[in-house]
Amino acid sequence: MENVFKYFEFSDFFKDQSGSFSGNEICFTDLNDTHFLIFEKDRLQYNLYVSKFLNKKEVGYKQPEILELVVSNYDKSKPEHRIALRQYLG
């Protein structure tokens with residue numbers, strides 16, 4: 001998974017303080033100024049979300065305006081999971 005995070009320029013993981021991810025660690029990458037892809041690390045699995053915030057500084061600190069689960073239990077070996085990620089990041 002580290003290669004996925006580096007390739008798509010996700011941030012380092014940090015503890016969610018917004019309550020949106022149950023205090024789990026998250027990392028994110030920008031889609032534009034207000035939309036972000038977020039990976040949540042929940043024990044040994046990763047969940048991928050698309051979200052909307054007023055700006056980048058709110059990610060992990062405030063509740064998102066929109067939060068939609070894209071892939072539960074992301075597995076980079078599954079083509080459908082890679083396709084879902086690439087639909088947003090190209």
Side-chain angles (χ1 to χ4, degrees):
M1 284 299 294
E2 291 301 319
N3 291 338
V4 172
F5 303 138
K6 286 180 185 177
Y7 183 82
F8 291 110
E9 299 178 353
F10 278 82
S11 69
D12 291 335
F13 276 92
F14 62 96
K15 187 172 176 77
D16 170 56
Q17 297 179 19
S18 71
S20 300
F21 301 96
S22 304
N24 290 324
E25 289 188 331
I26 61 171
C27 68
F28 70 95
T29 193
D30 306 24
L31 298 174
N32 58 41
D33 289 343
T34 59
H35 291 82
F36 306 89
L37 280 182
I38 298 174
F39 268 109
E40 170 196 25
K41 184 164 50 169
D42 186 4
R43 293 185 226 29
L44 298 176
Q45 79 176 29
Y46 296 93
N47 300 312
L48 178 64
Y49 297 86
V50 65
S51 62
K52 180 180 181 187
F53 292 86
L54 290 178
N55 59 59
K56 181 189 250 183
K57 292 179 181 180
E58 291 188 347
V59 178
Y61 298 97
K62 299 211 175 184
Q63 293 282 326
E65 293 180 26
I66 297 170
L67 184 64
E68 181 181 322
L69 181 64
V70 177
V71 177
S72 179
N73 198 12
Y74 187 92
D75 182 343
K76 67 181 183 179
S77 68
K78 292 185 176 181
E80 61 269 22
H81 290 188
R82 292 192 311 271
I83 290 169
L85 180 60
R86 287 189 179 274
Q87 283 180 333
Y88 289 97
L89 296 173

Heavy-atom check, side chain of [X] versus side chain of [Y], under 4.5 Å:
{"X": "Ile66", "Y": "Phe53", "result": "no"}
{"X": "Leu31", "Y": "Leu37", "result": "yes"}
{"X": "Asn3", "Y": "Phe8", "result": "no"}
{"X": "Phe5", "Y": "Asp12", "result": "no"}
{"X": "Met1", "Y": "Tyr46", "result": "yes"}

Side-chain donor or acceptor of [X] paired with backbone N/O of [Y] under 3.5 Å:
{"X": "Thr29", "Y": "Glu9", "value": "yes"}
{"X": "Asp16", "Y": "Gly19", "value": "yes"}
{"X": "Ser18", "Y": "Gln63", "value": "no"}
{"X": "Asn24", "Y": "Asp42", "value": "no"}

>> Can you confirm whether more than 12 heavy atoms, excluding those of Asp33, are under 6.0 Å from its CG atom?
In response: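 Incorrect, the count does not exceed 12.
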> So Leu85 and Val71, side-chain contact (heavy atoms from CB on, under 4.5 Å) or not? Walk me through it.
Replying inline: CA-CA 9 Å; Leu85 180 60; Val71 177; over 6 Å; no
>> Count I, L, V, M, F, W, Y as connected when their side-chain heavy atoms are under 4.5 Å apart, and connections chain through other members. Are Ile38 and Val4 then in the same cluster?
In response: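 Different clusters.
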> Do you reckon Ile83 sits in the same ILVMFWY cluster as Leu48, going by side-chain contacts under 4.5 Å, direct or chained?
Replying inline: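 Ile83 and Leu48: separate clusters.
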> ring pair (Phe, Tyr, Trp, His ring centres under 6.0 Å) with Phe28: which of Phe36, Tyr61, Tyr49?
Replying inline: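 With Phe28 as partner, ring pair (Phe, Tyr, Trp, His ring centres under 6.0 Å) holds for just one option, Phe36.
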What distance separates [X] [atom1] from [Y] [atom2], expressed to the nearest 0.5 Å?
{"X": "Lys52", "Y": "Leu54", "atom1": "NZ", "atom2": "CG", "value": "8.0 Å"}
{"X": "Lys41", "Y": "Phe13", "atom1": "NZ", "atom2": "CZ", "value": "5.5 Å"}
{"X": "Asp30", "Y": "Leu89", "atom1": "CG", "atom2": "CG", "value": "10.0 Å"}
{"X": "His35", "Y": "Glu65", "atom1": "NE2", "atom2": "CD", "value": "8.0 Å"}
{"X": "Ile26", "Y": "Asn47", "atom1": "CD1", "atom2": "CG", "value": "12.0 Å"}

> Under 4.0 Å between a Lys/Arg side-chain N and an Asp/Glu carboxylate O for Glu25 and Lys15?
Replying inline: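 Salt bridge absent between Glu25 and Lys15.
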>> For residues 79-88, which residue pairs pass the side chain to side chain donor-acceptor pair (under 3.5 Å) check, not counting sequence neighbours?
In response: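 Found none.
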> Yes or no on side-chain contact (heavy atoms from CB on, under 4.5 Å) for Phe14 and Cys27, after CA distance, side-chain angles and deciding distance?
Replying inline: CA-CA 7 Å; Phe14 62 96; Cys27 68; 5.7 Å; no
>> Suppose we screen for side chain to side chain donor-acceptor pair (under 3.5 Å). Which residues come up paired with Asp75, at least two apart in sequence or across chains?
In response: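 Scan of Asp75 (side chain to side chain donor-acceptor pair (under 3.5 Å), adjacent residues dropped) gives Ser77.
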>> As a quick check of understanding, evaluate side-chain contact (heavy atoms from CB on, under 4.5 Å) for Asn32 and Thr34, giving each step before the final call.
In response: CA-CA 6 Å; Asn32 58 41; Thr34 59; 3.4 Å; yes
>> Once you measure the plane-to-plane angle for Phe10 and Phe39, does it fall in the parallel (<30°), tilted (30-60°) or perpendicular (>60°) bin?
In response: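 It falls in the tilted class, 30° to 60°.
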